[in-house]
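For the numbers below, each heavy atom of this structure counts, side chains included, while hydrogens, waters and symmetry mates do not. In what follows, residues are counted from 1 in the order of the sequence shown. This is a predicted model, so every value here is computed, not measured.
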Amino acid sequence: MAQVPYEYEERLAPIYEGVFENIHLFAMDPYDIALCKLKRDNDRDFQDMLFLARTTPFDLEVFEQRYREELRPYLFGSVGEADLTFARWMEAIKEDRGKAED
């Protein structure tokens, strides 16, 4: 079961508006998508998160704030494990950005 940030619904963006008469599609923002992948943390989730951090405007302060305020307080299971995963992900993004600057 995916765990989503608490306020994610307020940030859903409509896509393909007016294309379908009875279907309304929405997309999550990049931070919320990445945070949904945090708890499972398999290799694909990690690579998806790095892709989002590379290809979208991805502010690490916003990412951390959403984790601390909207996901962490509502996690089920080991919060300590999620904290370690989040710290590893933050370091990976910083390292990846450092390589891009070289």
* Asked: Rounded to the nearest 0.5 Å, how far apart are CG of L50 and CG of D45?
  -> 11.5 Å

* Could you walk me through whether L38 and M49 pass the side-chain contact (heavy atoms from CB on, under 4.5 Å) check? -> CA-CA 9 Å; L38 182 84; M49 175 276 304; over 6 Å; no

* Just how far is it from atom CH2 of W89 to atom CG of L84, taken to the nearest 0.5 Å? -> 13.5 Å

* L35 reachable from V79 in the ILVMFWY side-chain graph, under 4.5 Å edges -> yes

* State yes or no: do M90 and F51 share one hydrophobic cluster built from I, L, V, M, F, W and Y residues joined by side-chain heavy-atom distances below 4.5 Å, directly or via other members? => no

* Asked: Less than 4.0 Å between a side-chain N and a carboxylate O, is that true for R68 and E64?
  -> yes

* If you group Ile, Leu, Val, Met, Phe, Trp and Tyr by side-chain heavy-atom gaps below 4.5 Å, do V19 and I15 land in one group? -> yes

* side-chain contact (heavy atoms from CB on, under 4.5 Å) assessment of I23 paired with Y16 -> CA-CA 10 Å; I23 297 174; Y16 303 114; over 6 Å; no

* To do: Flag the pair R66 and D29 as a salt bridge only when some basic side-chain nitrogen lies within less than 4.0 angstrom of an acidic carboxylate oxygen.
  => yes

* At what distance, to the nearest 0.5 angstrom, does CZ of R88 lie from CG of D83? -> 13.0 Å

* Structure fact -> F46 and A92 have their tightest heavy-atom pair at CZ-CB, 3.5 Å

* **Trace of the side-chain contact (heavy atoms from CB on, under 4.5 Å) decision for I93 with F58** => CA-CA 10 Å; I93 294 169; F58 203 87; 3.9 Å; yes

* To do: Work out which heavy atom in L75 is nearest to a heavy atom in A82; give both atom names and the distance.
  => CD1-CB, 3.4 Å

* To do: Kindly compute the distance separating CD (Q3) from CZ (R40), expressed to the nearest 0.5 Å.
  => 12.5 Å

* **Heavy-atom neighbours of E81 CD exceed 12 at 6.0 Å** => no

* To do: State the CG-CZ distance between L71 and F86, to the nearest 0.5 angstrom.
  => 9.0 Å

* Check whether any side-chain N or O of K39 sits under 3.5 Å from a backbone N or O of F76 as a donor-acceptor pair, and report yes or no. => yes

* Asked: Does the ring centre of Y31 sit less than 6.0 Å away from the ring centre of Y67?
  -> no

* Structure fact -> Heavy-atom closest pair (C36 atom, P5 atom, distance to 0.1 Å) is SG-CD, 4.2 Å

* Between OH on residue Y6 and CD on residue E9, distance to nearest 0.5 Å -> 9.5 Å

* Atom of E69, atom of Y74 and distance for their closest heavy-atom approach -> O-CE1, 4.0 Å

